[in-house]
Enquirer: 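After the structure tokens below, expect a handful of questions from me.
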Protein chains: 2
Amino acid sequence: MPKPDADPTVQLDLSVDRSSPVPLYFQLSQQLEAAIEQGVLTPGSLLGNEIELAARLGLSRPTVRQAIQSLVDKGLLVRRRGVGTQVVHSQVKRPLELSSLYDDLEAAGQRPATKVLVNTVVPASAEVAAALGVTEDGDVHRVERLRLAHGEPMAYLCNYLPPGLLDLDTGQLETTGLYRLMRSAGITLHSARQSIGARAATAAEAERLGETEGAPLLTMQRTTFDDTGRAVEYGTHTYRPSRYSFEFQLLVRP
Amino acid sequence: MPKPDADPTVQLDLSVDRSSPVPLYFQLSQQLEAAIEQGVLTPGSLLGNEIELAARLGLSRPTVRQAIQSLVDKGLLVRRRGVGTQVVHSQVKRPLELSSLYDDLEAAGQRPATKVLVNTVVPASAEVAAALGVTEDGDVHRVERLRLAHGEPMAYLCNYLPPGLLDLDTGQLETTGLYRLMRSAGITLHSARQSIGARAATAAEAERLGETEGAPLLTMQRTTFDDTGRAVEYGTHTYRPSRYSFEFQLLVRP
DNA sequence: GTAGTCCGATTGTCCGGACATTCGGATTGA
DNA sequence: TCAATCCGAATGTCCGGACAATCGGACTAC
């Protein structure tokens, strides 16, 4: 009985457009990622050696390697010296990005709505001043929002921003997420420090979220930095655990 | 009045050992990382252009770029075309790894202790079977542990492992973390899917953790995969929010 | 003075090649 | 039969060079 080939080397029709301004390695990595996404490249299948792949596409090996490496970094491929490069056995989706709750809900088809409760300038408390790196009692923007999904309150978001960074329009805040506003204002987000915990709801918190006093709440604090190292946002959020949990995938750094 | 140079190009004494089996780019990236860690390379300072750095070290530019790129991926450096490469303005520590609670506590100097409550083989429930990708009612290892810090219970950990993967010695489980055991058994961890939430403690949970019934608990579910895509571990954990919260740093993918 | 333009500096992309290292199977030997 | 050895295959590392794209400051023109 002939044994079926378990991990065949897949032949794809790949091509690159040298007249395009898009980098060649990026064109290739996108095509490979699409092939994996659509199941053309099945989990476990080998990708064929780099040399031949480069020759087939008329590219150099470094370029092909750069394309493959970007997918390895995303967790979609695994390289094994002496063996080859193969597609990871699925399960991998998104390796945890610095995403906004708004975008997450929208992607999940939850039709998020936002109610801006407060949008003003206040003197910075000691906590906020320390997080944002501004002087205490200096001006900071304060935004309080209630995030709803299907008309039900899901989270209470309280955010602080350093002054002069961004015009915070209440109308815009109700139709999109804070991160998207910041990015479109030319701020390049770089990293964030997060802390996720839980605690019992105070009376005021319970009131806001439609829970009862003492009910468990999921809490998140976050400070976000841009690529110059400035803190550009500090926020304390509380979530209804029956409506929301943090789901993410993370990769092991090799 | 002479204006002090805010972001000077720093001169370091770097060197590489060509007789070492350690890759040159790795030697360089380690030295740069150490210089950043120790404050020799101050936040905001420029790194000097790649060409000259390569010439100074007797390396080629691709090698230097590979070293720099690895630090950019770690979030320690930022590159700007036409400007140069500069050290990120601090704040960056660890970009969230797939770490074990045991190692985290140990690194924080908390002297963690583990009490193994259950270490046995059981038939897989539907939930466990789905997570691990084994047949329902098939054998799986079940480990229940209580993790303590300073003698106080901090978390209750319930884990399932597919059969035949690992010898689970109760003594070893009490002196180290599960991940370390798996790694030393030759399993290369690749990624994990996590879900963090909160809920009120049941009577049994409260009893185990020394809380009262209805107290808020922080919960985490995780399925871990190796680089072949096999699920190698599934666990449901509950934490006392007064004793533990998830703290991590995450990077924005450029 | 202010706006637009030019230009040097620096990183980004890409090439073609060379050798080293590791894996896994096939061969060989006990 | 089983273990040790060899060998092909594939990725890992490294080189030296070339040109493109972009940033920021200096210069120029109005």
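Quick note on labels: first sequence line is chain A, next is B, and so on, each numbered from 1.
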Enquirer: Give me the atom names and distance for the closest heavy-atom approach of Val64(A) to Glu50(A).
Expert: CG1-O, 4.3 Å
Enquirer: Check the distance between dT22(C)'s C1' and Arg81(A)'s CZ and give it to me in whole angstrom.
Expert: 5 Å
Enquirer: Do any side-chain nitrogens or oxygens of Thr85(A) fall under 4.0 Å of OP1 or OP2 in dT11(D)?
Expert: yes
Enquirer: Could you state the CZ-C1' distance from Arg79(B) to dA9(C), rounded to the nearest angstrom?
Expert: 15 Å
Enquirer: Please tell me if Thr63(B) has a side-chain N or O lying less than 4.0 Å from either OP1 or OP2 of dC15(D).
Expert: yes
Enquirer: Is there a side-chain contact between Arg65(B) and the phosphate of dG12(C), meaning an N or O under 4.0 Å from OP1 or OP2?
Expert: yes
Enquirer: Check each of Leu161(A), Ile187(A), Thr188(A) against Val232(A) using the side chain to side chain contact (heavy atoms under 4.5 Å, CB included) test, and report the only one that passes.
Expert: Ile187(A)
Enquirer: Need to verify one output field. Residue with the more 5' nearest nucleotide on DNA chain D, Pro62(A) or Val83(A)?
Expert: Val83(A)
Enquirer: Please state how far atom CD in Gln66(A) lies from atom C1' in dT11(C), giving the value in whole angstrom units.
Expert: 13 Å
Enquirer: Closer than 4.0 Å, any side-chain N/O of Arg61(A) to the OP1 or OP2 of dC15(C)?
Expert: no
Enquirer: Tell me the interatomic distance from Gln86(B), atom CD, to dT11(C), atom C1', rounded to whole angstroms.
Expert: 13 Å
Enquirer: To the nearest Å, give me how far apart CD (Glu50(A)) and C1' (dT13(D)) are.
Expert: 12 Å
Enquirer: In residues 19-29 of chain A, what residues come within less than 4.0 Å of DNA chain C, judged by heavy atoms?
Expert: Pro23(A), Leu24(A), Tyr25(A)
Enquirer: Rounding to an integer number of Å, can you tell me how far Leu53(B) CG sits from dA9(C) P?
Expert: 18 Å
Enquirer: Can you tell which of Arg145(A), Arg222(A), Arg142(A) makes a side-chain hydrogen bond (donor to acceptor under 3.5 Å, both in side chains) with Asn159(A)?
Expert: Arg145(A)
Enquirer: Determine the minimum heavy-atom distance between Pro43(B) and Val88(B), stating which atoms define it.
Expert: CB-O, 3.7 Å
Enquirer: To the nearest angstrom, how far is Ile51(A) atom CD1 from dG16(C) atom P?
Expert: 12 Å
Enquirer: Given dG17(D), is OP1 or OP2 found less than 4.0 Å from the side-chain N or O atoms of Ser60(B)?
Expert: no
Enquirer: Compare every heavy atom of Thr63(B) with every heavy atom of Tyr25(B), then report the nearest pair and how far apart it is.
Expert: CB-O, 3.6 Å
Enquirer: Taking CD1 from Ile68(A) and C1' from dG12(D), how many angstroms apart are they, rounded to a whole number?
Expert: 13 Å
Enquirer: Compare every heavy atom of Thr223(A) with every heavy atom of Ala231(A), then report the nearest pair and how far apart it is.
Expert: CB-CG2, 4.0 Å
Enquirer: Taking all atoms of both residues into account, what is the closest heavy-atom pair of Gln27(B) and Val22(B), and its distance?
Expert: NE2-O, 2.9 Å
